[in-house]
Amino acid sequence: AQSVTQLGSHVSVSEGALVLLRCNYSSSVPPYLFWYVQYPNQGLQLLLKYTSAATLVKGINGFEAEFKKSETSFHLTKPSAHMSDAAEYFCAVSDSNTGNQFYFGTGTSLTVIP
Amino acid sequence: AAGVIQSPRHLIKEKRETATLKCYPIPRHDTVYWYQQGPGQDPQFLISFYEKMQSDKGSIPDRFSAQQFSDYHSELNMSSLELGDSALYFCASSRTTGVAFFGQGTRLTVV
């Protein structure tokens, strides 16, 4: 069975500061991991994905995430936060590249302080 | 680029009524998924279809049913609506070896 845990339901950072959103996964098979962003009243947009290739994955809008098997983690980072990054971020795991069934974390709400 | 289209975007229904949500996947995507996201919650998987056949089933109530048609669009039918069914319903689509892309969602309000 697969599951993800997102530590911190709310994260606040100053504009220009480092963004770090934590995600730990549990999977009985090699996982496929994803980060999605959800802006207010909008759908989920794919930020990046890990599918057993490079462990450091670069996504859109300057985000990246590193897959660490030893720590069962897939934390999302961005060197410098922008006001437009304020949104809800979801980590998700599936057991195949098709994402036949995603298991989402509970989400982390990112606030960027001017 | 074409995205996943969901209709309607907003829907208000009364208790015990029926609702039908539609999803039009990205062209050449053969898999459709439905998710339910309650207020302040993470999306919960309901059901998925591959090549018009049900491929996986999650926490979908018996009052709900879904199907995928020959043109690959999908419909989620919800009967005997309850207040607790008020949520954002997402559809996503993918090709067999691809990542799932989500639609904007349908916000269902049951009053």
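Taking OH of B:Tyr33 as the reference point, atom SG of B:Cys23 lies at 11.5 Å (rounded to 0.5 Å).
Proximity to chain B (any heavy atom under 4.5 Å) is restricted, for A:Leu46, to the side chain, taken from C-beta onward. For B:Gln37, the part lying near chain A is the side chain, with the backbone staying farther off; criterion is any non-hydrogen pair under 4.5 Å. Neither the backbone nor the side chain of A:Gln45 comes within less than 4.5 Å of any heavy atom in chain B.
Paired with B:Phe45 under the rule ring-ring contact (aromatic ring centres under 6.0 Å, His included), one option of B:Phe90, B:Tyr35, B:Tyr89 passes, and it is B:Tyr35.
Note: B:His73 and B:Phe69 have parallel aromatic rings, judged against thresholds of 30 and 60 degrees for the angle between ring planes. Ring orientation note: the planes of A:Phe104 and A:Tyr36 are tilted relative to one another, at an angle of 30° to 60°.
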